[in-house]
Amino acid sequence: SLLSELGFGMAPIVAIRHGGFKWIRVPKPELYDLQSDPHELRNLYPAEARHAAVLDQELDRILDDSKRHAVPARESPMSLETMESLRSLGYLASAQDRASAAGIDPKDGISLYNDLEDARHLAQRSRWQPAEEKLRRILERSPGHVSARNILGLVFVRQGELAKAKEQYTLSLKQEPKQSRVLAVLGSLALIENDLPEAERLFRASLEITPGFVESMCNLGFIESLRGHGAAAQAWYDKALAADPAFPRPWRLAGDLSYERGDWAAARASYAKVLEKEPDDFEVLIQSANCARRLGDDAAALDGFARAEELRPDSWIPPYNRACLAAARGRTSDAGSLLLVAASRGLVNPRLLDLDEDLAAVRDTKAFAEARRQALKTAEAFQD
């Protein structure tokens, strides 16, 4: 049941009050005389073990009677994928966590659980060092604690320490092999290392465990795209969209694939699906506006560039794209002014200015020469 997931598999805690005494059955048992010690400050066990045994027998009788009236636990309404995602972040205990905690007294287990909560909250606030320290202390006490190891891996990923992250996730899989989300994270790390065969193996392995894991489908499509296999990439994106039509990432990847092919209408339609869910996605706004431009819809293109500029007023990308549109439409003066704005905002690639076909009409202008000079100067400053 969900309660056992949240309880981290610690030993059950049951108790009985009878005849002025309270008996608590846990790995470290407790017996209190409530009349003389109402605040339960003096544990009489094991000194009063005989009295405890009587109460323990009565507790067994009550529990046996309760079993005859037990109601079956309802299935959790959460999907398996959602539950695994929560486990990977430490919200729910994994099977290995429950096994490693079996027999732990709840009083000790609660301390362990609280430490995990603290570490997770520290990580959410990007306080990496104290989060790491707390997680390592958890693993010293409970080496088989998969959730703590997975969060430690995430801490390393966020800091760019990918080798350390890979080590933690690999250890996590040794302890509990069937973790599709951990397999997918390792697949993403393999992608960063440009090891496409290993990345593909890991993403496929994650799908064997969780067939509806759309992130792995998307990444398999991305791998096929990198290999130049457009049809195979699109097939994976279609599968991801069939599994979860509301998920933005396959729409975005499908849009990028269509954009690379020069299918502006298809790309624009895919990007529109992304913007329905994520209207402030800067990169998609730029790509969608460029599709509109290629389709001759200059008003929509300018609107998209303007929205992107509102999101990132210091970025050189929106004015640069507006300059390309102006130059392509013969408005050379506007194009030159916009290039100067882009250069003042950090354009660092003079080669882009030299090769972009859209800027052919303005390359002989003073504004272009000045923008190129500024871009070169910025690039040299970065190199220094």
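Numbering of residues begins at 1 and proceeds along the displayed sequence.
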Inset, instruction - Applying side-chain hydrogen bond (donor to acceptor under 3.5 Å, both in side chains), name anything that partners R201, two or more places apart in sequence or on another chain. - result: E198
Legend entry - Matching residue for I138 among E140, R136, R141 - test: side-chain contact (heavy atoms from CB on, under 4.5 Å): R141
Inset, instruction - Please report the closest heavy-atom contact between Q179 and S172, naming both atoms and the distance. - result: NE2-OG, 2.9 Å
Inset, instruction - Looking only at non-hydrogen atoms, find the nearest pair between L162 and I192 and report the distance. - result: CD1-CG2, 3.8 Å
For [Y], is there any backbone N or O sitting under 3.5 Å from a side-chain donor or acceptor partner on [X]?
X: N290; Y: I286; result: yes
X: R363; Y: L353; result: yes
X: D33; Y: F21; result: no
X: H145; Y: A148; result: yes

Legend entry - Among K366, R372, R373, salt bridge (charged side-chain N to carboxylate O under 4.0 Å, His left out) partner for E370: R373
Inset, instruction - Mind jotting down which residue pairs meet the side-chain hydrogen bond (donor to acceptor under 3.5 Å, both in side chains) criterion with at least one end in residues 230-250? Sequence neighbours excluded, please. - result: E215-R249, N219-R249, Q234-D238
Inset, instruction - Any chance you could measure I209, atom CD1, to S216, atom OG, to the nearest 0.5 Å? - result: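 Nearest 0.5 Å value for the CD1-OG distance: 9.5 Å.
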Inset, instruction - Check step by step if ring pair (Phe, Tyr, Trp, His ring centres under 6.0 Å) holds for W251 and Y271. - result: CA-CA 7 Å; W251 286 114; Y271 292 141; over 10 Å; no
Inset, instruction - May I ask you to establish whether R322 and F305 are in a cation-pi arrangement, using a distance under 6.0 Å from NZ or CZ to the six-membered ring centre and at most 45° from the ring axis? - result: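 Verdict for F305: no cation-pi partner in R322.
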Inset, instruction - Return each pair, listed once, that meets salt bridge (charged side-chain N to carboxylate O under 4.0 Å, His left out) where at least one residue sits in residues 260-271; pairs must be two or more places apart or across chains. - result: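 As it turns out, the salt bridge (charged side-chain N to carboxylate O under 4.0 Å, His left out) pairs with a partner in residues 260-271, which skip direct neighbours, are R268-D297.
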Inset, instruction - May I ask you to decide whether E208 forms a salt bridge with K178, counting only side-chain N to carboxylate O separations under 4.0 Å? - result: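 Answer for the salt bridge query: no.
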